[in-house]
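For reference, the structure is listed below as structure tokens.
Side chains included, hydrogens not; waters and symmetry mates left out as well; all remaining heavy atoms used. Residue numbers run from 1 in the order of the sequence given.
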Amino acid sequence: MFSRLVFGLGLLSATALVHPALAADAARTLQIFVSKDKQSLAVYDGTKVVATSKVSTGKDGHTTPSGIFSVLEKQKYHESNLYSAAPMPFMQRLTWSGIALHESNSVPRYPASHGCVRMPGAFAKMLYGMTDPGVPVFISDGELVPQPIDHPTLFHPDAPAAMPLLSDVELRPSMPDSPEKPVQVAMNDTAAMPMPAAQPIAAPEPEPPSEPISMLVTRRTLRETVIDIQTLLNQLGFSAGNPDGLLGPSTVQAIKTFKTLRPAEFAGDRSLVSDTLLREVYAAAGKGEPPNGVIMVRQAFKPIFEAPVTIADPGLALGTHFFTLHAVDERAGTADWLGITLENNLSRETMKRLGITNQESSIITGKPIARSLSRITIPDETRRKIDALIAPGSKLTISDTGLGQETGEGTDFITITRG
């Protein structure tokens with residue numbers, strides 16, 4: 001009897017902060033925050049905490065990575081592939097390399113796991129029922145709190161066009177041209193003609209909610225540069241092969257032929273792919289100055305398109321920021337975004353590779369989100385395309401460090417801020 005009572009009280013404490021009616025649409029805006037310093041987990045619906053729990057993250061030698069994740073897969077019962085088939089009930093996978101949220105009988109509220117985030121049984125079961133694949137999960141040292149963000153760089157739905165006024169319709173004058181002409185008035189015998197019964201107006205069928213999208217704005221890497229070079233060289237007739245970002249034989253030969261035809265421009269340039277090559281290819285194609293950033297878009301864990309963007313002051317770090325679209329108003333063309341900044345101190349090697357000389361904006365002080373957003377310019381055509389795709393639950397990550405090793409098939413954009 002006592003054990004049943006204790007279990008009941010434990011379940012009550014785990015669910016006391018749960019919103020009474022989390023509908024499917026609301027669940028799409030849930031966010032999960034794990035603090036390694038406090039060994040705690042908080043679930044937010046918008047800016048409101050709806051559930052909390054103690055956790056145990058990875059111990060020394062098996063540290064739980066910090067960063068931006070999302071729920072990739074859910075299994076009510078799972079056995080570890082890495083640690084002797086250890087049971088992991090109510091598993092919610094965060095990476096394909098082995099990090100997950102799951103139930104455990106040992107949650108001492110200090111680091112004790114082999115890298116996963118352990119949760120008490122009742123809470124793990126409850127959280128499993130609240131989430132859908134794609135729900136964002138943040139793991140950090142300190143506590144993070146989502147805040148409303150309003151900035152012109154963020155996306156919003158297109159407001160419906162206003163109905164045009166009948167300005168081009170020729171109206172009949174209300175008075176006759178001549179006072180001598182009689183005014184003809186058409187009249188109906190309303191007594192002889194019964195009024196038709198009022199017909200109920202059927203309400204329009206609501207459109208099904210769109211699948212939310214995930215976006216990443218980051219610096220261009222060699223992959224994006226090579227894709228641009230392949231695409232433009234093909235347009236110029238150099239047969240660079242399929243634009244896949246790989247330096248295959250066709251691409252290498254096309255680059256060498258392009259350089260051979262412009263010996264003065266490439267005098268002393270010994271590298272196969274360089275900033276000089278990119279500028280010259282852009283100039284030859286009449287494309288102007290090449291961009292230094294890219295926006296990538298995924299839906300249901302699958303890439304759908306990417307497009308160039310421009311990042312002002314490229315020597316200054318953008319920092320690591322995340323935005324969730326909490327709600328949209330299609331009629332007004334407005335969007336309610338929530339944002340957070342994650343601490344992400346770049347190594348000297350990373351800064352050198354990315355051409356960053358100052359990473360002040362990656363420190364959580366002042367208004368790093370607004371500063372970073374203001375430095376990003378997105379072409380109008382790309383913006384219109386994304387505005388038409390966004391839906392509640394859509395996500396945007398800004399990061400200096402690109403896709404990262406954990407981002408791949410069947411994932412959202414995963415950003416590791418500390419391994």
Side-chain angles (χ1 to χ4, degrees), residues 24-25 27-29 31 67-73 93-96 131-137 153-158 207-232 234-235 241-246 287 291-311 318 321-328 330 333 335 337 339 373 376-399 401-415:
D25 286 346
R28 293 170 69 180
T29 63
Q31 300 184 82
I68 302 168
F69 309 87
S70 60
V71 174
L72 306 178
E73 178 190 41
R93 183 183 297 279
L94 304 183
T95 72
W96 293 114
T131 62
D132 291 319
V135 167
V137 180
T153 300
L154 295 172
F155 303 96
H156 56 81
D158 291 326
E207 294 185 5
S210 302
E211 185 78 17
I213 60 174
S214 297
M215 298 166 281
L216 171 67
V217 171
T218 189
R219 296 168 184 269
R220 287 164 66 88
T221 64
L222 178 62
R223 169 186 170 273
E224 289 80 49
T225 297
V226 171
I227 287 175
D228 263 9
I229 290 170
Q230 290 169 321
T231 301
L232 296 178
N234 283 336
Q235 292 176 9
N242 181 41
D244 55 9
L246 303 176
K287 297 293 185 180
N292 57 4
V294 62
I295 183 167
M296 305 177 185
V297 183
R298 292 190 172 198
Q299 193 171 47
F301 300 151
K302 296 179 181 179
I304 56 174
F305 78 92
E306 57 187 69
V309 302
T310 301
I311 300 170
L318 283 169
H321 315 284
F322 186 88
F323 307 86
T324 303
L325 182 53
H326 181 58
V328 296
E330 299 282 352
W337 288 92
L373 286 171
I376 298 168
T377 301
I378 301 171
D380 290 342
E381 181 181 354
T382 301
R383 180 174 293 280
R384 286 192 294 269
K385 191 172 182 179
I386 293 175
D387 285 345
L389 289 173
I390 60 170
S394 292
K395 298 167 283 189
L396 168 64
T397 301
I398 295 176
S399 171
T401 52
L403 285 173
Q405 295 182 348
E406 291 288 355
T407 300
E409 276 192 40
T411 74
D412 271 335
F413 297 108
I414 298 175
T415 301

If only atom types and distance count, is the side chain of [X] paired as donor or acceptor with the main-chain N or O of [Y] below 3.5 Å?
X: Thr310; Y: Pro291; answer: no
X: Thr218; Y: Gly402; answer: yes
X: Ser394; Y: Ile213; answer: yes

To the nearest 0.5 Å, what is the distance between [atom1] on [X] and [atom2] on [Y]?
X: Trp337; Y: Ile390; atom1: CH2; atom2: CD1; value: 6.0 Å
X: Ile68; Y: Thr397; atom1: CD1; atom2: OG1; value: 4.5 Å
X: Leu216; Y: Ile414; atom1: CG; atom2: CD1; value: 11.5 Å
X: Leu154; Y: Met215; atom1: CG; atom2: CE; value: 8.5 Å
X: Ile227; Y: Leu232; atom1: CD1; atom2: CG; value: 11.5 Å
X: Asp412; Y: Glu406; atom1: CG; atom2: CD; value: 13.5 Å

Please tabulate, for the side chains in residues 382-389, all donor-acceptor contacts under 3.5 angstrom to protein atoms that are two or more places apart in sequence or on a different chain.
unit_1: Arg383; atom_1: NH1; unit_2: Thr153; atom_2: O; d: 3.1
unit_1: Arg383; atom_1: NH2; unit_2: Thr153; atom_2: O; d: 3.0
unit_1: Asp387; atom_1: OD1; unit_2: His156; atom_2: N; d: 3.2

Minimum heavy-atom distance [X]-[Y], with the two atoms named:
X: Glu330; Y: Pro157; result: OE1-CB, 3.5 Å
X: Gly134; Y: Ser70; result: O-CB, 3.8 Å
X: Pro379; Y: Pro308; result: CD-O, 3.3 Å
X: Thr411; Y: Leu72; result: CA-CD2, 3.7 Å
X: Pro243; Y: Gln230; result: CA-OE1, 3.1 Å

Does [X] have any side-chain hydrogen bond (donor to acceptor under 3.5 Å, both in side chains) partners at least two apart in sequence or in another chain, and if so, which?
X: Thr225; value: none
X: Ser399; value: Thr401
X: Thr377; value: none
X: Asn234; value: none

Is any side-chain heavy atom of [Y] closer than 4.5 Å to one of [X]?
X: Arg219; Y: Ile311; result: yes
X: Phe155; Y: Ile378; result: yes
X: Glu224; Y: Met296; result: yes

Pairing residues for Leu246 by the side chain to side chain contact (heavy atoms under 4.5 Å, CB included) criterion, not counting sequence neighbours: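 Counting only residues at least two positions away or on another chain, Leu246 forms a side chain to side chain contact (heavy atoms under 4.5 Å, CB included) with Asp244.
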Can you sort out the partners of Glu73 under side chain to side chain contact (heavy atoms under 4.5 Å, CB included), two or more places apart, ordered by chain and number?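 Expected list: Gln75, Met91, Arg93, Trp96.
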By salt bridge (Lys or Arg N to Asp or Glu O under 4.0 Å), which residues pair with Arg298, not counting sequence neighbours?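 If we apply the salt bridge (Lys or Arg N to Asp or Glu O under 4.0 Å) test to Arg298, skipping adjacent residues, there are no hits.
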Lys/Arg N to Asp/Glu carboxylate O, Asp228 vs Arg220, below 4.0 Å: yes
Looking at Gln235, I want to see if its CD is surrounded by more than 12 non-hydrogen atoms of other residues, nucleotides or ligands under 6.0 Å.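 Check passes, neighbour count above 12.
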Output a table of donor-acceptor pairs, distance under 3.5 Å, between side-chain atoms of residues 299-306 and any protein atom two or more places apart or on a different chain; print 'none' if there are none.
unit_1: Gln299; atom_1: NE2; unit_2: Glu211; atom_2: O; d: 2.9
unit_1: Glu306; atom_1: OE1; unit_2: Arg223; atom_2: NH2; d: 3.2
unit_1: Glu306; atom_1: OE2; unit_2: Arg223; atom_2: NH1; d: 3.4

Using the ring-ring contact (aromatic ring centres under 6.0 Å, His included) criterion, which residues pair with Phe322? Sequence neighbours excluded.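 For Phe322 the ring-ring contact (aromatic ring centres under 6.0 Å, His included) partners, ignoring immediate neighbours, are Phe138.
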